[in-house]
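Before any comments, here is the structure.
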Amino acid sequence: MMLGNRERLMVIQVGDEQHLLGITPQSISHLSKLTTPLESEQSGDKFKSRLAQMLQQRKEAEHD
């Protein structure tokens, strides 16, 4: 998912695990391990909404 001209979010799969990365021209940062894997055939809009939902759940869990 593009966040700006040169920034993006990317989900990668390593074995059975999926990880969310933040990518800029200067760095690649591991943001989270996804507890509920995303299906690879999801469209961009479905991916964006599912990712937003997962990030919101994580944010709420951190505040508890």
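Distance NE2/His30 to CG/Leu20: 8.0 Å, rounded to 0.5 Å. Note that the CD1 atom of Ile12 and the CD1 atom of Ile23 stand 8.5 Å from one another [nearest 0.5 Å]. How far CG of Leu34 is from NE2 of His19: 8.0 Å, rounded to the nearest 0.5 Å.
By the criterion of side-chain heavy atoms lying less than 4.5 angstrom apart, applied directly or through intervening Ile, Leu, Val, Met, Phe, Trp or Tyr residues, Leu21 is grouped together with Val14 in one hydrophobic cluster. Clustering ILVMFWY residues whenever any of their side-chain heavy atoms sit less than 4.5 angstrom apart, transitively, puts Met10 in a cluster other than the one holding Leu3.
Counting only distance, with no hydrogens or angles, the side chain of Ser27 and the backbone of Ser29 share no donor-acceptor pair below 3.5 Å. Judged by distance alone, with hydrogens and angles left aside, the side-chain atoms of Gln57 form no donor-acceptor pair with the main-chain N or O of Lys59 at under 3.5 Å.
Residues Gln18 and Val11 approach most closely at CB-CG1, 4.0 Å, considering heavy atoms.
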